[in-house]
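Here is how names work: the chains are called A, B, and so on, in the same order as the sequence lines, proteins then strands, and each is numbered from 1.
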Amino acid sequence: MSYLIGLMLIVIAFLWQVTLEGFQRKVTAKVQRRVGPRWYQTFMDIFKAFSKSSISHGFIYDFGAMMTLGGTMATVVFLPFSGIVAFNGLDNFFVIIYLLAVGSLGMAMSAVGSGNPWASIGVMRALTQMVGYEVPFMIVVFGMIFGYGTSSISALVEVQAGGFLNWHLLRMPLGAIVGFISLMGMLAKKPYDTPIAPAEIASGPLVEYGGKHLGMLMLQHEFAVFIEVGLFVNLFLGGGGIVAYLIKYAAVYLFATIISAVLGRFKIEQVVYHFYKVPLALSLIQAAVVIFTGLGVEIWL
Amino acid sequence: MAMNNDFNEINLNDGDLNDTITFWDKLKNVFRGNSLWMLHYCTGCGAVELPPTMTSRFDMERIGMGPMATPRQADVLLITGYLSVKTLRRVIYTYEQMMEPKYVVGFGSCTLNGGIYYDSYATINKLDYYLPVDLYIAGCMPRPEAVMNGFKKLMDMIKKGEATGWKKYQRHYEDYYSPNQIRSLGEVYVKDEFHE
Amino acid sequence: MSQYLYIALMFVGIYGLLSQKNILKMIISLNIMELGLNLFIISTGYIKEAKAPIILFGNEGNYVDPLPQAIVLTAIVIGLGVTAVALMLARNIYKTYGTYEIDEIRGENDD
Amino acid sequence: MTINSLIAQGMISSLLVYLLTKLNKKLGAFLTVLFSGYLLFVIFGFQNSAGEVFSLIHFGEFELTFMTSHYAWYFAIVLTLTYFLVSFFNPYWMKKMVNPAAYNMLFMVSMVGTVGVFYAKDFLTLFIFYEIVVWSSLFIIPMGKSRKTPVIYYTISSIGSFAMLYAIFYLYHSVGSFDIQAVSEAMSQAPNTYRFVFFTMIVAGLTKLGIFPFHTWLPAAHGSAPHTFSPVLSGGLVKVGGFIALITATVIPSFKILAGDLQLMGVPFENYLIMLLGAVSIVVGTLMAIKQEDAKKLIAYSTVSNSGYIIIGLMLNDQVGFAGGMMHVFNHAMASGAMFLSFAAIAYRTGTTKMSELGGLIKRMPLTFAAYLIAIISLAGIPPMSGFASKWLIFQGLASNGMMFIALAAFFGSIGSFLYVFRPLSAAFLGQLSPKHKDVKEVPWMMQIPLIIMSFLTIFYGIFPGRILAYISKIQESVGLKGVEIEGTKIIAATGMWDSLVITLVFGGGFMLAAILFFISPKAKPVDQMNTYTSGEFIYDPDHYHYAKNYYATFENNYGNKKRVELFFDAVALRVKEFGEMVKTMFFAKSVSFSIFWIMLFFTLVYFWGDKV
Amino acid sequence: MINPVLLIAIPLLAAFISVFIQKLSWVLLFGVSIFTAISGFFLQKGMFMIGGWKPPFGINLMIDDYSFIIIIVINLLFFLTLLSGMWELKKNKTILMVILAGINGLVMTGDLFNLFVFLEIITISGYILAASSDKYYSVFKYLVLGTLGSSLYLFGIMVLYGTLGTLNMADISQQFPNVSGSVKIISLTFVFAGLGVEAKLLPFNAWVKGIYGNTTPLTGPLFSTVFATGAIAVFGRIFGQILVPDSTLIFAFIALGLITFIFAETSAMASKKLRELLTFSSIGQAGLIITMFMIGGFYAALIQLINNAFAKTILFSYATKAYKSNGDDTINNMSGLFRKNVMMGFGFTVATLSLIGLPLFFGFYAKINMLQSAFALNMWIPALIILGSIIEGIYYIRLLVKLWNPGEEGQESSELAQSQFVIKNGFSLSLIAVLIGIIFVVSGIIPDFLTENIAKAADSLSDAATYLSTVLGGI
């Protein structure tokens with residue numbers, strides 16, 4: 001039964017996220033005073049990619065592509081989507097973070113398997129950036145876990161129930177800021193899209209992908225975005241009913257797009273340094289506040 | 001470049017090259033028609049026309065087209081101007097790296113018949129000898145409107161299944177395209193260029 | 001009182017060892033030290049107005065303690081032996097290094 | 001089959017192996033495989049026995065005794081398994097060894113020594129076998145690349161072992177017996193003697209584990225040891241340090257005894273201090289591992305980082321964190337053993353483990369690649385493999401106690417491990433195959449067996465970690481802690497739970513979906529590794545085209561070349577030498593007057609202060 | 001049962017005969033050495049008067065369990081030294097017999113002045129033997145310091161004689177506690193200084209580097225084992241049983257012993273030549289054993305003494321033979337030498353590991369007892385002992401690793417880096433090495449068969465009562 005819910009979740013994720021991607025491209029276009037594509041343009045791109053023929057650089061190149069898409073789809077199943085939980089109790093924060101890691105490891109392996117140095121440089125940049133954005137985010141959530149004594153995401157959502165004032169956005173403002181910055185890092189949106197820098201390293205890891213491999217990678221990217229933004233919404237905005245959840249989701253994602261539409265790109269040396277300056281400091285302060293003073297968890301309005 | 005006369009006359013368009021119109025192909029053509037990724041190979045003066053078509057004034061993304069960095073991801077190869085022999089070798093190498101349903105669009109007169117450089121020692125006159133060109137956009141560098149019009153035309157051809165240049169290249173590589181390439185680039189095998 | 005004199009003589013010998021740079025002079029100061037030591041040993045056995053411990057006719061009491069004198073005999077013989085070996089060494093040093101001055105002896109300890 | 005007769009047989013057979021290898025090298029190596037298998041079989045028999053006492057010999061007026069216990073069995077199985085699997089590589093390395101007979105003998109002596117360490121009933125036996133392990137592994141390392149590292153290894157591990165010796169005799173002097181149980185009872189009444197003993201004895205654990213201040217020997221020794229002995233060194237012998245940390249902090253209940261002390265984050269400050277050292281060694285291990293050019297040094301630095309996890313787990317002493325630390329002992333043994341073995345296989349075929357000289361070996365050595373891949377997934381702590389279970393438990397342990405800074409290091413360590421585990425994979429296995437490795441074949445079948453077994457174990461305990469955790473909870477009860485809760489394949493901690501079987505099934509399901517998607521769309525045309533998009537240029541030299549040299553250059557120049565701890569130890573050694581030179585010139589000078597001066601000084605000092613001091 | 005006087009008389013007799021009949025001296029030397037080695041086991045215990053005078057007046061020989069053990073050990077060592085130095089005997093045979101007599105006398109005598117005489121016999125023959133190394137200036141330095149030492153010793157016992165009126169050890173040990181403070185200090189320090197020279201303690205051991213550093217296969221083992229054991233045994237006897245210093249002075253002597261141990265170990269770490277390294281190691285060991293005697297840990301001191309003696313036999317004979325056959329003993333160009341003759345390598349390694357005190361070897365049992373008795377006194381001495389043995393471990397392991405595995409830094413150890421040195425006529429050495437190596441390993445595992453009569457020896461040294469009753473009982 002829960003496997004069916006999981007499958008349903010994957011379909012919902014695909015449909016919702018890809019349409020939202022269309023709107024997102026429309027919004028970026030409007031920011032650049034352009035007309036922008038139709039809403040279903042991303043569907044077209046994905047299906048066009050699957051319709052084309054493709055080349056294969058050996059076993060690990062194909063296996064990695066399958067592993068990355070498979071891993072990310074598995075993670076979608078575990079993420080609570082506005083109350084629908086496929087396996088209740090098993091949606092542990094660390095499990096989700098590390099299943100995401102399966103996805104990125106698969107992509108890294110197949111990218112390097114393609115033999116193109118640009119792909120290796122792209123993978124190196126992706127992993128370096130991951131060290132950057134992952135640690136502050138986990139510290140903030142670590143504070144939350146200690147505060148509430150549970151690391152299951154649906155439990156953290158229930159804690160924020162009851163109106164706007166109980167959201168973690170207000171209970172832990174610094175945590176929310178750090179969460180949003182590392183969300184931008186996870187999504188590889190403009191300031192942090194060093195791994196897939198089309199101008200510098202010919203779209204990084206994706207350089208050798210064409211046809212169905214490219215299609216699978218685009219799907220994986222969509223599912224990964226769904227998970228990361230879903231994670232942020234659950235943890236910081238207390239994802240309520242389906243409509244409320246989707247509105248919050250769209251709001252967060254479009255807000256991130258607007259920011260990324262106007263910003264330039266970091267140099268890779270600066271990315272880690274940037275993440276370990278302000279965001280890490282904020283996350284440590286936030287975790288210290290939660291752990292030692294309990295403000296935002298026990299002591300709240 | 002002077003035309004040598006033992007050029008072999010092959011009717012390239014023999015056989016019914018149109019896609020066997022099965023339902024799947026019709027569906028695939030719809031997708032291919034709506035989303036066309038271009039490989040921005042700026043070989044000549046036409047390159048400067050493309051930024052305006054992409055940006056806010058004409059916005060190519062409206063019709064589903066976008067610039068791609070690598071040939072593996074691209075569908076359409078734009079040859080925007082005169083092609084020197086040296087660049088031709090790269091263009092052919094890039095074309096072969098593109099994924100299968102691929103299209104070539106030639107800009108301006110230089111790709112048609114050599115244009116104003118028809119008698120230069122360095123450029124090639126007729127792109128069609130070397131690559132199967134699906135669409136030519138006339139104009140000694142067509143303005144963005146013409147480019148957009150050309151792209152719309154190409155999309156309709158794809159939807160109707162007429163843009164079959166890549167099949168022509170597959171079928172006639174040994175007897176038409178490869179000898180032409182070797183004739184103009186010299187006997188050296190295209191891939192392992194030593195002295196370039 | 002005289003014992004302090006002999007100890008002083010011993011320290012003269014030791015000072016000689018400390019300051020002299022010439023090997024022969026060091027041997028001489030060794031002998032001085034032994035001399036001072038032997039005198040001290042004799043003095044330990046001294047008793048005021050007592051006679052030398054030689055029994056000529058009948059033994060009427062009040063002899064000096066004979067034991068230190070016996071010990072001094074052996075000590076002197078040993079001192080002699082040591083000086084003989086020292087002179088042999090001094091000769092060999094002269095043969096190999098051509099000098100008696102310690103400072104001019106090169107190449108032995110810095111290998 | 002009793003422990004002491006096992007140890008006696010071990011020692012005698014090591015002599016036998018020495019003589020046999022003199023006759024025929026291959027035969028001697030096969031005997032090591034046989035004996036380690038036999039030892040593993042016998043040790044396995046002791047699974048449920050606890051408390052049986054065996055006495056070995058009368059050593060002067062002391063009595064060397066063994067006692068079986070659950071935690072001893074656990075460590076012994078991990079060690080003997082590593083030895084058994086690694087011994088399969090011995091026969092192929094005989095012709096490359098300088099002293100093969102000594103290698104086999106010392107290999108056997110160190111194996112038997114580790115079993116002796118774990119089953120020791122009293123501290124004296126523990127110390128004797130600990131020293132035997134130290135000096136037997138000491139004489140194997142110089143057979144590898146360097147003669148300087150064994151001296152560093154001996155210095156640092158002798159600092160640890162002699163600190164432990166001092167603590168043991170201090171205990172003997174104050175408590176009157178070596179027996180571990182007696183000491184732990186006596187210690188509960190004397191917290192401040194226990195505090196002193198805790199710090200001196202834990203040093204032995206830290207030096208062997210390679211924790212922060214004492215980690216400098218580990219990369220040097222593991223990096224330059226012979227290729228077949230590094231897996232034993234980092235997979236096995238590091239765990240002896242873990243065992244000693246276990247004895248000092250858990251078998252002697254440090255939490256109860258030091259309850260009176262200053263409590264930092266709910267943990268006595270001594271334990272917290274050691275955990276901080278563990279955290280620092282995670283960060284140092286990760287940062288240094290990322291920079292390494294030689295794969296073996298990189299894996300050695302990863303051992304430094306992972307022993308940081310083990311020590312944090314063991315010192316955490318709460319139900320979940322302790323279980324995580326114990327399980328990480330097994331996971332790390334399997335993972336780093338497999339990594340070292342695969343690079344030993346590469347070295348066997350290509351002769352080098354320098355990453356910049358390798359490339360594209362996946363086509364020639366697929367099985368080694370598979371074993372290495374599974375090992376790094378486990379080492380990085382990614383779900384389907386067993387590494388995730390132990391790291392998850394440690395994170396839950398840290399979360400329930402709210403130890404923020406240690407969690408920072410733990411998170412950085414686990415994310416950083418993606419970087420340094422991935423580097424050898426991409427540099428050695430993926431990318432273009434250089435022409436000089438054209439005719440490299442897969443390793444012979446006998447070397448494939450350990451790789452297969454290790455990968456199978458990592459996967460099996462990744463899907464069913466419950467089996468190990470059930471035994472670990474039995475250990476926890478025997479040591480006086482609450483056992484970790486296992487419900488079928490669900491692992492339940494105070495702050496959350498997860499189910500390894502469900503995750504693997506879902507991951508498998510996802511993979512199936514992706515595979516279906518992959519195979520329905522048109523078949524991909526295989527293309528050569530050199531035919532890649534190079535913006536039109538033609539590249540012909542696979543050696544230079546393969547991206548392997550200074551892989552994380554951009555990340556590395558964020559932090560300088562911090563080798564301060566090594567410089568510190570070298571400076572200390574230099575000072576001791578200079579002090580020796582000074583003593584030589586002062587007291588053994590050329591002229592006699594120096595010494596006479598000292599003699600006279602001695603007399604004056606005694607004369608004036610002789611009776612006053 | 002053999003009367004102990006024979007142990008002195010027969011070697012002296014043989015020495016005189018060998019002076020007249022040169023040819024026979026080779027046979028005489030080995031005959032006497034074998035005789036003393038065997039008869040050591042069948043000695044009669046108890047007190048033997050010399051010249052019919054009762055003890056406080058006449059000289060007596062004292063064989064209690066302590067000197068019984070020392071005699072056996074010394075005679076065995078002497079025999080092994082002869083084995084190792086067979087090719088170096090040239091014209092030293094008579095002196096060797098005299099040395100044998102002197103050493104036996106030194107250990108057995110019950111009279112302080114008699115001890116001085118035997119001490120002088122040994123040191124003078126030591127000067128002559130050392131001269132065979134052609135380093136005349138170092139021998140001269142040894143002579144100066146030796147004479148200075150023995151004169152101070154004589155001065156010390158004469159002060160004692162002046163106050164107590166007797167030179168008999170048992171008599172003195174009875175009356176020594178109630179001697180007045182300043183006399184006690186003076187006599188103790190002078191006797192300490194006198195014996196310190198031969199026992200190689202720090203301020204007095206300036207000569208050791210020159211003499212031990214340039215030894216031949218005969219003089220090397222002789223000085224480092226036979227002389228060292230004799231001197232330290234006498235040291236133990238006097239300062240353990242007879243002139244027992246009180247609390248303040250004992251602290252000074254312990255401090256001196258420990259300083260010698262630590263300083264010698266550090267300078268050993270700084271030495272590049274094999275013989276020089278072993279020299280400082282034996283100084284260090286001497287300092288350690290004397291500290292143990294001072295602390296009162298006689299059992300541990302005796303075990304370490306025997307451990308050090310037998311280990312040094314192998315180490316020194318190997319080092320000197322290496323120097324003899326190759327003319328150079330710098331450690332760096334001897335890399336991989338053990339692989340040429342594995343038996344010697346085995347012996348050398350076992351001896352070194354036993355010296356450091358690693359388990360499975362005899363030295364470990366010594367270290368356990370040392371720590372036990374050190375802890376009885378205070379917390380700092382065991383720490384210093386452990387620090388010293390760490391340093392010792394470092395330079396020995398550095399040596400062993402280089403000698404077992406040839407190869408430059410950074411390359412796999414391989415044959416081509418093998419050193420060109422060779423050990424000529426090493427059969428006797430490998431025989432000794434294997435023999436002692438096996439003894440060390442076996443006694444490392446089961447130390448009982450060697451240690452219970454050592455335990456008896458240690459007890460006899462600690463309880464003065466039996467000593468007094470046997471000697472003075474006869475008055």
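- Annotation: A:Y133, atom OH; neighbour count of heavy atoms from other residues, nucleotides and ligands within 6.0 Å is above 12.
- More than 12 heavy-atom neighbours from other residues, nucleotides or ligands sit within 6.0 angstrom of NZ on B:K126.
- Rounding to the nearest 0.5 Å places CH2 of B:W37 at 4.5 Å from CG of A:D45.
- For A:I55, the parts lying near chain B are the backbone and the side chain together; criterion is any non-hydrogen pair under 4.5 Å.
- To the nearest 0.5 angstrom, A:R34 atom CZ is 15.5 Å from B:R57 atom CZ.
- Both the backbone and the side chain of A:E208 come within contact range of chain B, each with at least one heavy atom under 4.5 Å from a heavy atom of that chain.
- Across B:K28, B:M60, B:M65, B:M68, the residue that shares the most heavy-atom pairs under 4.5 angstrom with chain A is B:K28.
- Residues A:S51 and B:R32 meet the side-chain proximity criterion, which asks for heavy atoms closer than 4.5 Å.
- Of all heavy-atom pairs spanning A:P198 and B:A69, the tightest one is O-CB, 4.0 Å.
- Between B:L27 and A:F47, the closest side-chain pair of non-hydrogen atoms is not below 4.5 Å.
- The environment of NZ in A:K30 is crowded: more than 12 heavy-atom neighbours from other residues, nucleotides or ligands sit within 6.0 Å.
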Checklist entry - B:S56 and A:Q32: side chain to side chain contact (heavy atoms under 4.5 Å, CB included), yes or no, with the steps? => result CA-CA 7 Å; B:S56 56; A:Q32 296 165 354; 5.9 Å; no
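- Atom CZ of A:F50 sits about 11.5 Å away from atom CZ of B:F31, to the nearest 0.5 Å.
- Side-chain atoms of B:N34 do not come within 3.5 Å of backbone N or O of A:M44 as any donor-acceptor pair.
- Distance check: A:S203 OG to B:Q73 CD gives 4.0 Å after rounding to the nearest 0.5 Å.
- Residue B:I63 touches chain A through its backbone alone, counting heavy-atom pairs closer than 4.5 Å.
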Checklist entry - Going through the checks in order, is the side chain to side chain contact (heavy atoms under 4.5 Å, CB included) test met by A:V35 and B:F58? => result CA-CA 8 Å; A:V35 172; B:F58 292 92; over 6 Å; no
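- Under the 4.0 Å criterion applied to side-chain N and carboxylate O atoms, A:K52 and B:E100 are not assigned as salt-bridge partners.
- For A:L206, the parts sitting under 4.5 Å from any heavy atom of chain B are the backbone and the side chain alike.
- Interface remark: B:S35 contributes backbone and side-chain atoms alike to the contact with chain A (heavy atom separation under 4.5 Å).
- Heavy atoms only, all atoms of each residue included: A:S53 and B:P101 are closest at N-CD, 4.2 Å.
- Residue with the most contacts toward chain A among B:D59, B:L36, B:T70: B:D59 (heavy-atom pairs, distance under 4.5 Å).
- Note that the NZ atom of A:K48 and the CE atom of B:M99 stand 11.0 Å from one another [nearest 0.5 Å].
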